[in-house]
Enquirer: 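There's a structure below that I have some questions on.
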Amino acid sequence: MDKVLRAEQSFDILRRDIIICNREARIYAIDGLLKDGVLSKMMTFFYSLKDESVFENADVFSKNCVPYIEVNTEKDINTITQNILSGVCAMFIDGFDSAILMDTRTYPQRQTSEPDTDKVMRGSKDGFVETVISNIALMRRRIRDVNFTVKPFSVSRTSKADVVLCYMEDKVDHKLLREISNRIENTKVDSLAMNQQSLIEAIYPKKWYNPFPKIKYTERPDSAAANAMKGNIIILVDNSPSALILPTSIFDVTEEADDYYFPPLTGSYLRLARFFILLCSVFITPLWLLAQQNPTLVPETFRFVVVTEGHNLSIFWQLIILELAIDGLRLASLNTPTSLSGTMGIIGAIALSEFTVDVGWFSTQAILYMAFATLAGFTQPNYELGYCVKFIRILLLILTSIFNVYGFIAGLVITVILLVTNKTISGKSYLYPLIPFKGKAFLNKVLRLR
């Protein structure tokens, strides 16, 4: 094992030689992933053993002399190595052909707290952390049912990342479950460098031209548990503080936990408001550009949207530059130290305010509509959907600028085609229950009736 683990080259691989009832034994563990107190108590117990009859084999010894719950024996050297590198403590005793594996590991983790991206006005304030065992416990605490199943996998050749499927045995689509399980087992990647994203790209290669998200991410244990009880499959990856929910339709992506923490009437209003704001964020700037290019088609009631003052840049380029500038400010805020974030926000507000209007870069209405589109993007809990809306909006702007009304219509047709031809991971319609239409199910998706 010293040679396999390269223990001489890695100082964090611990080796402890002990004598148990006149027999030599060696314990391997990883420093930092070991519960020192638990192992010390077990070693004290081992030192006190006097009965040599328990040394028949590793199984007999583990049943009679290992005072711990999570214990098993293993012969395969590769499995033993993987367990040790995962933090499991392995003990080899002279005369045994198997190692005794004791799961005394503990992982460094931050305190469970409310996620930054999935906040709710009501409801629980706990969130997933980077340790998969803790995340499973948070779900198990909410689902006290024997049908709740947790299926483990080890993925990638190098990192051997722990991947877990969570589902309800009596509600899950077993055909989809088998397909996902087979894809995970047959994944051929060196490592899951980017955790969940690397896993999804390995098992479900995505068509690059379709931006609509097929998977919903959540950092909330209550949302994950609720979706599991609906029959969905939850994927947890060690070192990632979020869960993957699948299969996912466009209606599932737009759902929020707050929809269910308020009475049905309030939850329905929040959901409808989110749908309406989503549509507005897609069409507000393309429609405004269309109005500038065709002022005679604008009804008298909305004639105020037509820009009458002169400007140095065309409306199209103003909107495109603002799209890029807002993304630039967003990226800058992510890399700005917390102590300077306030200053960064002030500078960004000044840069995109009246100064840019005074020097002739942008019109006041361009900034107003782009500000609305940007804020509207934050009403959606899914970042992928937010960027999907941005890409569609830019596509509509480009086509409208080049082909005018026909370009706008072509952009709508392309968007509908992308939605209709998109499929969930289970192969069903992405627009279900709208296509194929199921009245009661569709009403339940649009309104919070129960």
Side-chain angles (χ1 to χ4, degrees), residues 109-130 134-144 166 196 213 215-232 234 236 240-246 248-282 284 326 329-330 333-334 338 341-342 345 348-349 371-390 441-450:
Q109 72 174 55
R110 58 186 172 87
Q111 186 178 2
T112 298
S113 59
E114 185 178 17
D116 291 331
T117 56
D118 283 349
K119 291 184 177 180
V120 292
M121 289 179 278
R122 288 184 179 176
S124 58
K125 303 298 181 182
D126 56 350
F128 286 134
V129 293
E130 285 75 13
S134 298
N135 294 340
I136 295 171
L138 289 171
M139 291 186 63
R140 180 72 73 177
R141 183 181 178 187
R142 290 168 167 82
I143 306 177
R144 301 174 183 180
C166 304
Q196 294 168 326
I215 295 171
K216 182 177 180 179
Y217 294 82
T218 182
E219 295 185 31
R220 300 191 58 83
D222 51 358
S223 293
N227 278 277
M229 288 188 283
K230 290 180 183 178
N232 291 339
I234 312 300
L236 300 173
S240 180
S242 60
L244 283 68
I245 302 173
L246 53 134
T248 298
S249 68
I250 185 65
F251 297 103
D252 296 323
V253 173
T254 55
E255 279 188 353
E256 246 187 2
D258 263 331
D259 295 350
Y260 298 93
Y261 279 122
F262 286 95
L265 181 62
T266 306
S268 298
Y269 167 75
L270 292 174
R271 189 173 293 179
L272 289 173
R274 200 177 304 114
F275 284 139
F276 178 72
I277 294 172
L278 176 66
L279 292 175
C280 288
S281 66
V282 174
I284 186 168
I326 289 171
L329 288 174
R330 183 180 299 176
S333 66
L334 290 175
T338 305
S341 59
F372 171 82
T374 302
L375 291 175
F378 291 111
T379 63
Q380 300 301 323
N382 190 291
Y383 277 120
E384 285 187 321
L385 182 61
Y387 276 104
C388 174
V389 168
K390 174 185 280 290
F442 177 71
L443 197 62
N444 285 327
K445 287 292 185 182
V446 175
L447 300 176
R448 223 281 266 162
L449 300 180
R450 51 186 174 84

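The first residue in the sequence is number 1, and the count goes up from there. Here the structure is a predicted model, which is why all the values come from computation and not from measurement. Below, all heavy atoms of this structure are taken into account, side chains as well, without hydrogens, waters or symmetry copies.
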Enquirer: Measuring from S268:OG to L443:CG, what's the distance to the nearest 0.5 Å?
Expert: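 Here the interatomic distance stands at 8.5 Å.
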Enquirer: Check whether any side-chain heavy atom of P213 sits under 4.5 Å from a side-chain heavy atom of N382, and report yes or no.
Expert: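 Heavy-atom side-chain distance check passes, below 4.5 Å.
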Enquirer: Can you name the closest pair of heavy atoms from I143 and A228 and give their distance?
Expert: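 Heavy-atom minimum between the residues: CD1-CB, 4.1 Å.
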Enquirer: Please report the interatomic distance NZ(K216) to CG(N232), rounded to the nearest 0.5 Å.
Expert: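 Answer for the NZ-CG pair, K216 versus N232, is 9.0 Å.
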Enquirer: Under a 3.5 Å distance rule, please check whether N135 uses its side chain to pair with a backbone N or O of E130 as donor and acceptor.
Expert: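 No: the side chain of N135 does not pair with the backbone of E130.
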Enquirer: Taking 4.0 angstrom as the limit, do K119 and D258 come out as a salt bridge?
Expert: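 Salt bridge absent between K119 and D258.
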Enquirer: Tell me if a side-chain donor or acceptor on E114 pairs with a main-chain N or O of V120 at a distance below 3.5 Å.
Expert: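 Yes; judged by distance alone, with no hydrogens or angles, the pair exists.
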Enquirer: Decide whether Y261 and D222 meet the rule of one side-chain donor and one side-chain acceptor closer than 3.5 Å.
Expert: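 Side chains of Y261 and D222: pair found under 3.5 Å.
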Enquirer: Ignoring hydrogens, what is the shortest heavy-atom contact between F372 and C280? Give both atom names and the distance.
Expert: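 For F372 and C280, the tightest heavy-atom pair comes out as CE2-CB, 3.7 Å.
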Enquirer: Could you tell me the separation between the CE atom of M139 and the CD1 atom of I234, rounded to the nearest 0.5 Å?
Expert: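 So the CE of M139 and the CD1 of I234 are separated by 5.0 Å.
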Enquirer: Which value, rounded to the nearest 0.5 Å, describes the distance between C388 atom SG and L278 atom CG?
Expert: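 The distance works out to 8.5 Å.
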Enquirer: Between R271 and K445, is there a donor-acceptor pair closer than 3.5 Å when you use the side chain of the first and the backbone of the second?
Expert: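 Here the side-chain-to-backbone pair exists.
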Enquirer: Is any side-chain heavy atom of S281 less than 4.5 Å from a side-chain heavy atom of Q380?
Expert: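 No, their side chains stay 4.5 Å or more apart.
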Enquirer: For side-chain contact (heavy atoms from CB on, under 4.5 Å), just list the numbers for Y383 and Y217, CA-CA rounded to whole Å, side-chain angles, deciding distance to a tenth of an Å, and then say yes or no.
Expert: CA-CA 9 Å; Y383 277 120; Y217 294 82; over 6 Å; no
Enquirer: What is the distance from atom OG of S134 to atom CD of Q111, rounded to the nearest 0.5 Å?
Expert: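 Answer rounded to 0.5 Å: 12.0 Å.
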Enquirer: In terms of side-chain geometry, is the basic nitrogen of D259 or R448 positioned less than 4.0 Å from the acidic oxygen of its partner?
Expert: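 Result for this pair is no, no salt bridge flagged.
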Enquirer: So, for G127 and L138, which heavy atoms are closest and what is the spacing to 0.1 Å?
Expert: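 G127 and L138 have their closest heavy atoms at O-CD1, 3.6 Å.
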Enquirer: Roughly how far apart are L375 CG and I277 CD1, rounded to 0.5 Å?
Expert: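 Answer rounded to 0.5 Å: 10.0 Å.
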Enquirer: Is it true that the NZ or CZ of R330 lies under 6.0 Å from the centre of Y387's six-membered ring and within 45 degrees of the ring axis?
Expert: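 Geometry flag: set, cation within 6.0 Å and 45°.
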Enquirer: Evaluate whether atom CZ of F275 has more than 12 neighbouring non-hydrogen atoms of other residues, nucleotides or ligands under 6.0 angstrom away.
Expert: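 More than 12 heavy atoms, drawn from other residues, nucleotides or ligands, come within 6.0 Å of this atom.
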Enquirer: For A243 versus F128, what's the shortest heavy-atom pair and its separation?
Expert: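 Reported closest heavy-atom pair: CB-CE1, 3.6 Å.
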Enquirer: Testing the 3.5 Å rule here: is there a donor-acceptor pair between the side chains of S124 and R142?
Expert: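 The criterion, which ignores hydrogens and geometry beyond distance, is satisfied for R142 and S124.
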Enquirer: In terms of heavy-atom contacts, does CG of L265 have more than 12 from other residues, nucleotides or ligands at under 6.0 Å?
Expert: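 Not more than 12 within 6.0 Å, no.
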Enquirer: When you check the side-chain N and O atoms of E255 and Y260, is any donor under 3.5 Å from an acceptor?
Expert: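 There is such a pair (donor and acceptor under 3.5 Å, judged by atom type) between the side chains of E255 and Y260.
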Enquirer: Under 6.0 Å from the CZ atom of R144, do we count more than 12 heavy atoms belonging to anything else shown?
Expert: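 For R144, atom CZ is not crowded (no more than 12 foreign heavy atoms under 6.0 Å).
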Enquirer: Of the non-hydrogen atoms in P221 and D126, which two are nearest, and what is the gap between them?
Expert: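 Here P221 and D126 meet closest at CD-O, 3.5 Å.
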